[in-house]
Amino acid sequence: MTDASALPGRPRGGALSGPATARAVNVLAPNPSAMTLDGTNTWILSEPDSDLAVVVDPGPLDDGHLRHVVGTAERAGKRVALTLLTHGHPDHAEGAARFAGLTGTKVRALDPALRLGDEGLAAGDVIAVGGLELRVVPTPGHTSDSLCFHLPADQAVLTGDTVLGRGTTVVAHPDGRLGDYLDTLRRLRSLTVDDGVHTVLPGHGPVLEDAQGAVEFYLAHRAHRLAQVETAVEAGHRSPAEVVAHVYADVDRSLWPAAELSVRAQLEYLREHGLI
């Protein structure tokens, strides 16, 4: 058995649901799969002495889960006052409209199609609810509408699918772009170096205690995969499917369709930079 402290990002052991930091509680959605890992992490954020809470990523359209999130907040003496989305993939956002109906909240997101209410989210926005402060960090790459939320008081960042608690994420081509994703990882690294962020609260998987280590691992992994794809093309593997079969031969075949999205993004990146 591998010691979790030796894994990239130092994933925290124990149950995923429950308190993660002084201001963040996770409610795990019942939608485990190869892509969602243990399920979607729905985050309830609140100042300890406040009766107001913010929910990030209500998750899939599962009424039992959505009501469980509301109940978890209420049992802690909190009223959900705002709903936020890290991006629009269904496992994070499909339940948002129903959740808004249960809580009477607005839904704020980067993509106007996902919003309920007039306010969206943009780079540099600071969200303040009941004394809680969240800073919006644009992090395109996994998708074009991906955002992270910096929680300064806990030296933490909520990453959605941009950084996972286990494994690595997909660059969901054509909406996701590798160049954007690499810029995003560098932006997150600056949060760890310049802003003291050390905890990752991901959209899937366990909390990571070493944010900088996780981001450095992701950057190294992307560089390694890009080199592998370039080498595969040079060896005559031209189509995305051929490159996946060559480069991802050691990966579960059920994940190959997702891997092909990343390969398409990598091939596009290599062509744009004149490398193939």
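Between the side chains of T192 and H198, no donor N or O sits under 3.5 Å from an acceptor N or O. S17 and N26 are not linked by any side-chain donor-acceptor pair at a separation below 3.5 angstrom, with hydrogens and angles left out of the test. Side-chain contact of T83 with T105: a donor-acceptor pair under 3.5 Å is present, judged by distance alone. D38 and H204 form no side-chain donor-acceptor contact under 3.5 Å, judged by distance and modelled atom types alone. Defined by atom type and a distance below 3.5 Å, a donor-acceptor pair is missing between the side-chain atoms of N31 and T36. Counted by atom type alone, S146 and T143 present one or more donor-acceptor pairs between their side chains at under 3.5 Å.
In this structure, V171 and L261 have side chains that are not in contact, with every pair of non-hydrogen atoms separated by 4.5 Å or more. Side-chain contact between T199 and Q155 is absent, with no heavy-atom pair separated by less than 4.5 Å. Contact check for L134 versus L84: side-chain heavy atoms found under the 4.5 Å cut-off. Two residues are said to be in side-chain contact when any heavy atoms from C-beta on lie closer than 4.5 Å; M35 and L255 meet this criterion. Within the 4.5 Å cutoff, the side chain of P30 has heavy atoms near those of the H65 side chain.
The side-chain hydrogen bond (donor to acceptor under 3.5 Å, both in side chains) test applied to D183 returns R186, not counting sequence neighbours. By the side-chain hydrogen bond (donor to acceptor under 3.5 Å, both in side chains) test, R79 is found to be paired with no residue, residues two or more places apart in sequence or in another chain being considered.
Separation of atoms CD (E94) and CG (D57) is listed at 13.0 Å; rounding is to 0.5 Å. In this structure, CZ in R264 is found 8.5 Å from CG in L267, a value given to the nearest 0.5 Å. The structure places CG of L158 at 5.5 Å from CG of L45, a figure rounded to the nearest 0.5 Å. To the nearest 0.5 angstrom, L82 atom CG is 10.5 Å from L52 atom CG. Between the OH atom in Y181 and the CD atom in Q266 there is a gap of 11.5 Å [rounded to 0.5 Å]. Taken from CZ in R187 to OG1 in T162, the straight-line distance is 10.0 Å, to the nearest 0.5 Å.
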Worked verdict on V229 versus L270 for side-chain contact (heavy atoms from CB on, under 4.5 Å)
CA-CA 9 Å; V229 169; L270 290 169; 3.9 Å; yes

Just do the side-chain contact (heavy atoms from CB on, under 4.5 Å) check on V137 and L147 with the steps written out, would you?
CA-CA 6 Å; V137 183; L147 297 170; over 6 Å; no

Evaluate T159 against F149 for side-chain contact (heavy atoms from CB on, under 4.5 Å), listing each step before the verdict.
CA-CA 7 Å; T159 54; F149 298 104; over 6 Å; no

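For E242 and R238, the salt-bridge test fails: no basic side-chain N is under 4.0 Å from an acidic carboxylate O. Using a 4.0 Å cut-off between charged nitrogen and carboxylate oxygen, R225 and E230 do not count as a salt-bridge pair. R23 and D154 are joined by a salt bridge, as a carboxylate oxygen and a charged side-chain nitrogen come within less than 4.0 angstrom of each other. Salt-bridge annotation for R135 and D125: absent, with no side-chain N of the basic residue lying under 4.0 Å from a carboxylate O of the acidic one. Ion pairing of D63 with R67 is present here, as a side-chain N (NZ or NE/NH1/NH2) and a carboxylate O approach within less than 4.0 Å.
Using a distance-only test at 3.5 Å, with no hydrogens or angles considered, a donor-acceptor pair links the side chain of R108 to the main chain of G120.
When the side chains of ILVMFWY residues are joined at heavy-atom separations under 4.5 Å, either directly or via intervening members, L178 and Y218 end up in a single hydrophobic cluster. Residues V163 and V56 are members of separate hydrophobic clusters, defined by side-chain heavy-atom contacts under 4.5 angstrom among Ile, Leu, Val, Met, Phe, Trp and Tyr.
Counting heavy atoms of neighbouring residues, nucleotides and ligands inside a 6.0 Å radius, atom CG of D194 exceeds 12 of them.
Closest approach of A245 to W256, counting heavy atoms only: CA-CH2, 3.7 Å. P202 and W43 make their closest contact through O-NE1, 3.0 Å (heavy atoms, listed as atom of the first residue, atom of the second, distance).
H87 and H92 have tilted rings, their planes meeting at an angle from 30° to 60° on a 0 to 90° scale.
With L102 as the partner, the side chain to side chain contact (heavy atoms under 4.5 Å, CB included) test is satisfied by one option alone out of V69, L66, V80: L66.
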